[in-house]
Amino acid sequence: MGRRTGRDVRDLRRVSGGSELKEQIRAALESTLRDLQLEPPAQIQLDAPRDKRHGDLSSNVALILARASGLNPRALAARIVERLQERDDCGADVDLAGPGFINFRVHSSGVSAALRELLRTGVEVGRCDAGAGARVQLEFVSANPTGPLNVVSARAAAYGSTLAAMLSLCGYEVQSEFYVNDAGRQIELLGASVRARLTELRGGAQPVPEGGYQGDYVREIAAAIPGADADAWLALPDAESDAAFGAFAVERMVDSQRGNLARFGVRYDRWFRESELHGSDAVSEARDELERSGYVYERDGALFFRSTTWNDAKDRVLVRSDGTPTYFLADAAYHRNKHDRGFAKVINVWGPDHHGHIQRMQALARAFGYPEEWLEVVIVQQVNLVEGGEKVKMSKRAGQLITLAELMDEVGEDVARYFFLMRQHASHLDFDLDLARRQSDENPVYYVKYAYARICSIIRKAASSGLRLRAPELEGSGLDPGADAPLPQAAALERLEEPAERELVQQLVDYPGFVRRAAEAREPHRLTTYSEELARTFHRFYHEQRVIQEDRDLGLARLALCHATRRVLASALHLMAIEAPQSM
RNA sequence: GCGCCCGUAGCUCAGCUGGAUAGAGCACCAGCCUCCGGAGCUGGGUGUCGGAGGUUCGAAUCCUCUCGGGCGUACCA
């Protein structure tokens with residue numbers, strides 16, 4: 001898989017992203033520009049304006065080309081509009097507005113054709129081939145197996161799993177991975193802590209070591225050790241004993257983390273053990289390769305990596321003066337391993353405490369000779385739980401952590417996922433526990449779910465009064481797939497002319513491109529915004545127009561609109577791993 | 001000190017990689033159920049987009065500086 005330049009990506013977008021309608025207008029516009037002896041810009045901007053009065057699509061070409069053409073933007077736009085109006089291949093009414101925008105109001109035949117296209121695309125709305133099968137690895141959470149998952153890990157889990165689903169829908173071959181740090185000093189400490197608690201359980205007295213783990217879960221682990229094993233491990237010399245207890249504890253913790261993540265709707269393609277690297281030659285190979293690269297030197301008996309070559313604040317230690325490898329070297333080996341596995345791109349989702357590590361990691365990738373865009377690091381910012389208007393104090397040492405499991409017990413999986421996804425990942429998140437607990441209209445998750453349930457209800461109701469459409473994706477869903485009535489022809493859908501209907505159609509048609517842009521920007525939170533807006537438009541449509549009514553053709557057209565909305569909402573909720581309820 | 005992130009309505013935040021009069025929710029007020037689900041809809045008002053420069057037809061968005069807040073800055077992981 002070769003490097004993909006920005007240009008390649010743009011070209012792909014044009015092929016796969018835009019609706020036919022948009023491409024038709026784009027083509028007409030390009031051709032008009034050539035008629036006027038103007039070179040069309042590399043990428044003609046043609047977007048839906050915020051304000052509906054400006055039409056369905058709007059282009060800024062006149063503003064862009066004004067300088068080159070020697071005309072002021074408005075005059076140039078006027079000439080372009082004039083030419084466009086003479087053509088009949090545009091499928092839209094054209095007019096000039098503002099400082100030189102060219103606005104298109106798509107004919108209703110075009111709108112209905114777009115809707116029909118969406119309804120015909122099969123079960124997977126929003127699927128496109130922007131990724132062209134490129135292999136992407138997405139690593140997220142990767143919390144140490146030394147304690148339960150906290151809320152930042154939970155946020156990263158919601159973020160990462162949703163992004164993975166989005167990329168996958170956009171044609172990338174995604175592998176999700178959890179890196180388990182099951183080696184090193186922290187594991188020894190965990191083992192020693194468990195051993196201390198076990199001794200305590202047996203009536204002895206042994207303090208938890210300096211810097212060890214204090215939480216109750218350590219006692220629980222100790223209590224779960226089979227007696228015979230415990231006897232044997234206690235008899236070992238200290239270092240080996242710690243290691244034995246540590247290994248047991250790690251397995252317990254990983255199982256628990258895996259279980260909680262699964263409950264949270266997150267499953268990984270692979271759980272990668274750091275110990276796997278140490279057990280093979282991977283670590284020493286990474287070290288050798290770095291030494292060959294020449295970006296390595298020895299000082300004070302330790303081996304340093306010259307990461308300052310790539311703007312890191314200081315050089316980093318690879319091997320300590322006592323001869324033991326650092327976590328950083330293991331990480332080097334890990335990323336080398338990722339590269340060897342053939343990923344075209346690797347995305348690491350890290351917590352806020354790791355943002356200082358980005359430079360050195362990028363430096364490593366550079367030293368290994370990987371392309372600049374190969375490694376992408378995303379930081380998911382911290383989470384404040386807010387209750388009664390105040391931040392909940394969380395102290396790791398006192399064991400007063402709110403865990404993912406507790407959060408799910410408290411507010412439910414769907415609410416938790418949605419709340420974590422509501423905010424941009426780079427922003428600190430205030431998680432309002434009071435609001436999250438409320439199962440009411442104030443809680444935005446239910447707003448979206450309610451819209452979905454309402455649509456399902458309408459579909460049921462319509463079927464019982466003889467109004468039904470063929471909708472194969474509803475097989476086995478409990479909703480009537482209505483095998484007898486085919487999808488209305490575009491002509492029938494043309495009757496969807498009310499403002500609420502047109503707006504709904506346009507939001508629906510925009511969905512595939514929206515998902516793709518959100519995926520490429522690594523911003524899954526946009527799905528929540530989109531879902532809420534779509535739900536709002538649907539509710540308005542529902543209040544303004546009746547689906548089930550005398551005029552059967554109009555009823556079928558509106559029912560088709562309901563089906564399309566249902567599919568898109570289902571897709572968005574599915575990407576977020578949130579249940580779409582048929583009733584609530 | 002250095003680095004990263006964030007400053008948008010009273011509060012919590014959107015703003016889809018530069019577009020037209022900056023938008024939602026919450027909170028407050030007033031309306032809407034003989035009718036497909038009222039967990040809904042409709043109206044009512046809020047802004048020096050932290051500040052100052054710059055880039056250009058056009059800036060919340062890009063660049064520089066600056067002021068606040070947060071986090072990070074281990075031969076820990």
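Hydrogens, waters and symmetry mates are skipped; everything else that's a heavy atom, side chains included, is used. Lettering follows sequence order; numbering is per chain, from 1.
- Both Phe101(A) and Asp315(A) lie near RNA chain B, and the one whose nearest nucleotide falls closer to the 5' end is Phe101(A).
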Discussion item. Does Arg517(A) form a salt bridge (Lys or Arg N to Asp or Glu O under 4.0 Å) with Glu523(A)? I'd like the steps, not just the answer.
Written reply: CA-CA 9 Å; Arg517(A) 290 190 296 273; Glu523(A) 294 192 346; over 6 Å; no
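- With a 3.5 Å ceiling on both atom-pair distances, the Watson-Crick or G-U wobble partner of rU12(B) is rA24(B).
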Response to the item:
Protein heavy-atom contacts under 4.0 Å, written 5' to 3' over nucleotides 56-71 of chain B as B (base), S (sugar-phosphate only) or - (none), form the string SB------------SB
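- Along RNA chain B, the nucleotide nearest Ser59(A) and the nucleotide nearest Ala521(A) are compared for position; the residue whose nucleotide lies closer to the 5' end is Ala521(A).
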Practice prompt. Using a 4.0 Å heavy-atom cut-off, write out nucleotides 7-12 of chain B from 5' to 3' as B (base contacted by protein), S (sugar-phosphate only) or - (no contact).
Written response: -----S
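- Nucleotide rG1(B) forms a pair with rU73(B), judged by Watson-Crick or G-U wobble geometry with both contacts under 3.5 Å.
- Rounded to whole Å, the C1' atom of rG23(B) lies 24 Å from the corresponding atom of rC5(B).
- Within the nucleic acid shown, Asp432(A) has no heavy atom closer than 4.0 Å to any nucleic acid atom.
- Going from atom CZ of Arg74(A) over to atom C1' of rA20(B) covers 12 Å, rounded to whole Å.
- Here the shortest heavy-atom pairing between Arg306(A) and Tyr297(A) reads NH2-CD2, 3.4 Å.
- The nucleotide whose nearest atom lies closest to any side-chain atom of Arg517(A) is, among rU17(B), rU42(B), rA14(B), rU17(B).
- Across every strand in view, rG40(B) sits in a pair with rC32(B) that passes the Watson-Crick or G-U test at under 3.5 angstrom.
- To the nearest angstrom, P of rG40(B) lies 15 Å from CD1 of Ile455(A).
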Worksheet item: Where do Arg273(A) and Val254(A) land on the side-chain contact (heavy atoms from CB on, under 4.5 Å) test, with the steps shown first?
Response: CA-CA 10 Å; Arg273(A) 305 294 183 113; Val254(A) 170; 4.1 Å; yes
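- Ion pairing between Arg438(A) and Asp434(A) fails under the 4.0 Å rule for side-chain N and carboxylate O.
- As judged by a 4.0 angstrom heavy-atom cut-off over every strand, Asn103(A) is placed among the base-contacting residues.
- Comparing the same atom, P, in rU61(B) and in rG45(B) gives a spacing of 28 Å after rounding to whole Å.
- Per the geometry, CZ belonging to Arg526(A) stands 19 Å off P belonging to rG23(B), to the nearest Å.
- The backbone N or O of Thr537(A) lies less than 3.5 Å from no partner atom in the side chain of Tyr542(A), so there is not a single donor-acceptor pair.
- Atom OH of Tyr327(A) and atom C1' of rC75(B) are 16 Å apart (whole Å).
- At the heavy-atom level, Ala330(A) lies nowhere under 4.0 Å from the strands shown.
- Two rings, from Phe178(A) and Phe272(A), have their centers 6.0 Å or more apart.
- As rounded to whole Å, 15 Å separates atom C1' of rC16(B) from atom CG of Leu46(A).
- Contacts classified as ring-ring contact (aromatic ring centres under 6.0 Å, His included) and involving residues 430-464 of chain A (residues at least two apart or in different chains) are given here: Phe419(A)-Phe431(A), Phe420(A)-Phe431(A), Tyr447(A)-His539(A), Tyr450(A)-His539(A).
- With respect to Arg495(A) and Asp551(A), a salt bridge is recorded, a charged nitrogen being found less than 4.0 Å from a carboxylate O.
- Under 4.0 Å is where a charged nitrogen must lie from a carboxylate oxygen, and between Arg287(A) and Glu291(A) at least one such pair does.
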Discussion item. Checking Tyr159(A) against Val378(A) for the side-chain contact (heavy atoms from CB on, under 4.5 Å) test, could you report, in this order, the C-alpha distance in whole Å, the side-chain angles of both residues, the deciding distance, and whether it holds?
Written reply: CA-CA 10 Å; Tyr159(A) 174 89; Val378(A) 180; 3.4 Å; yes
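- Atom name P, nucleotides rC13(B) and rU17(B): the rounded distance is 23 Å, in whole Å.
- Annotation: rG58(B) and rA39(B) have their C1' atoms spaced 43 Å apart (nearest Å).
- Across residues 528-538 of chain A, Thr529(A), Arg536(A) each have a non-hydrogen atom less than 4.0 Å from an atom of RNA chain B (numbered order).
- A straight line from NE2 of His354(A) to C1' of rA74(B) spans 13 Å, rounded to a whole angstrom.
- Straight-line distance between the C1' atoms of rA74(B) and rA14(B): roughly 39 Å, to the nearest whole Å.
- The residues Glu579(A) and Arg417(A) are annotated as not salt-bridged, no charged nitrogen and carboxylate oxygen being separated by less than 4.0 angstrom.
- The salt bridge (Lys or Arg N to Asp or Glu O under 4.0 Å) analysis of residues 534-548 of chain A, with sequence neighbours excluded, yields the pairs Glu503(A)-Arg540(A).
- Residues Leu318(A) and Leu329(A) share a closest heavy-atom pair of O-CB, 3.5 Å.
- Comparing rU66(B) with rG3(B), their P atoms are spaced 11 Å from each other, to the whole Å.
- Separating the C1' atom of rG68(B) from that of rG31(B) is a span of 43 Å, rounded to the nearest Å.
- Heavy atoms of Ala66(A) sit nowhere under 4.0 angstrom from any nucleic acid atom.
- Looking only at distances, no side-chain donor or acceptor of Ser531(A) sits under 3.5 Å from a matching main-chain atom of Val448(A).
- For the pair Arg299(A) CZ and rC75(B) P, the interatomic distance rounds to 10 Å; values are reported in whole Å.
- At the heavy-atom level, Lys314(A) lies under 4.0 Å from the strands shown only through sugar-phosphate atoms.
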Worksheet item: Which nucleotides of nucleotides 33-39 of chain B have their base under 4.0 Å from a protein heavy atom (B), which only their sugar-phosphate (S), and which neither (-), written as one string 5' to 3'?
Response: --SBBSB
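- Remark: rC62(B) base-pairs with rG54(B). Criterion, Watson-Crick or G-U wobble with two distances under 3.5 Å.
- No salt bridge links Arg360(A) with Asp331(A); every basic N to acidic carboxylate O contact stays at or beyond 4.0 Å.
- Close placement of the Phe541(A) and Phe538(A) rings is indicated, their centers lying within 6.0 Å of each other.
- Remark: C1' of rC16(B) and CG of Leu163(A) are 15 Å apart, rounded to the nearest angstrom.
- No more than 12 heavy-atom neighbours from other residues, nucleotides or ligands sit within 6.0 angstrom of CZ on Arg79(A).
- Taking the syn range as angles within 90° of 0, the glycosidic angle of rC33(B) is syn.
- Taking the P atoms as reference points, rA59(B) lies 16 Å from rC63(B), given to the whole Å.
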